[in-house]
Amino acid sequence: MAQYWLMKSEPSVYSIDDLARDGRTAWDGVRNFQARNFMRKMKVGDLVLFYHSNADPPAVAGIARVVREAYPDASSWNPKAHYYDPDSSPQNPRWDMVDVEFVEKLSNPVPLSTLKDTSGLENMLVTKRGRLSVQPVAKGEFEIVRKLGRKR
DNA sequence: GCCAACGTTGGC
DNA sequence: GCCAACGTTGGC
């Protein structure tokens, strides 16, 4: 059974439009253990709410799908990479990433304020735990957000 | 740009 | 193993 997730990206770094253009991307740069552990649970076919953080307004901007399950994030042992971690190596990778593909851009992005105000979403982690960049979402929550996002 | 929240590191 | 210091996230 498919699971549901929310993943954050700053649109100035990588936006839903970038994903629409590229078709698919490797979700590298996650350097938080809890977020990494959630990525390790992802299965091909799982659906992802693509959330724009540090945006105006912060919002769920689109939907993506997992197309490759967790594998080592090579940028973690590249000294020139922004997210370089000296404790990670090819022999002993510390960080993983997944590949996701573009599914849809929401015609009506769902801002954080709406997530906070909508009945049925009061338990979403994104409204509580500001700093977790990869998090699980309940199926019902996913459906509500997708529906809101498709409204015009 | 500020700063609260909170995850991580490292001294002890 | 505690916890203070530090760094980062991310809303505002």
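By convention in this document, chain letters (A, B, ...) are assigned in the order of the sequence lines, proteins followed by strands, and residues within each chain are numbered from 1.
- Nearest-nucleotide assignment on DNA chain B puts the 5′-proximal partner with Asn54(A), out of Arg131(A) and Asn54(A).
- A salt bridge between Glu143(A) and Lys139(A) is present, with a side-chain N of the basic residue lying under 4.0 Å from a carboxylate O of the acidic one.
- Spacing between atom CD of Glu10(A) and atom C1' of dT9(C) amounts to 8 Å, rounded to whole angstrom units.
- Atoms CZ (Arg31(A)) and C1' (dT8(B)) sit 15 Å apart, rounded to a whole Å.
- Comparing atom distances between the Arg94(A) side chain and each of dG11(C), dG10(C), dT9(B) picks out dT9(B) as nearest.
- Note that CZ of Arg94(A) and OG of Ser89(A) are 11.0 Å apart. Values are rounded to the nearest 0.5 Å.
- In this structure, CG in Leu148(A) is found 7.0 Å from CG in Leu121(A), a value given to the nearest 0.5 Å.
- With rounding to whole Å, Leu115(A) atom CG is found 14 Å from dG10(C) atom P.
- For the residue pair Arg31(A)/Ser88(A), the side-chain donor-acceptor check at 3.5 Å is not satisfied.
- Listed by residue number, there are no residues of residues 117-126 of chain A with a heavy-atom contact under 4.0 Å to DNA chain B.
- Of the candidate nucleotides dG11(C), dT9(C), dT9(B), dT9(C) has the atom nearest to the side chain of Tyr83(A).
- When rounded to the nearest whole Å, the span between CG of Asn32(A) and C1' of dT9(C) equals 10 Å.
- Rounded to an integer number of Å, the gap from Lys128(A) NZ to dA4(B) C1' is 18 Å.
- With rounding to whole Å, Arg36(A) atom CZ is found 14 Å from dG7(B) atom C1'.
- Here CG of Asp85(A) is found 11.0 Å from CH2 of Trp77(A). Values are rounded to the nearest 0.5 Å.
- Taking the six-membered ring for Trp and the full ring otherwise, Phe50(A) and Trp5(A) have centroids separated by 6.0 Å or more.
- The phosphate of dG11(C) (OP1 or OP2) has a side-chain N or O of Tyr51(A) nearer than 4.0 angstrom.
- Rounded to whole angstrom, the span from the CG atom of Leu132(A) across to the P atom of dG11(C) amounts to 12 Å.
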Practice item. Could you please spell out the steps behind the side chain to side chain contact (heavy atoms under 4.5 Å, CB included) verdict for Leu106(A) and Ile63(A)? Key: CA-CA 7 Å; Leu106(A) 293 175; Ile63(A) 294 172; 4.3 Å; yes
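- Among the heavy atoms of the strands, none lies under 4.0 Å from Asp56(A).
- What separates CD of Gln34(A) from C1' of dT8(C) is a distance of 15 Å, to the nearest Å.
- The phosphate of dT8(C) has neither OP1 nor OP2 within less than 4.0 Å of any side-chain N or O from Lys8(A).
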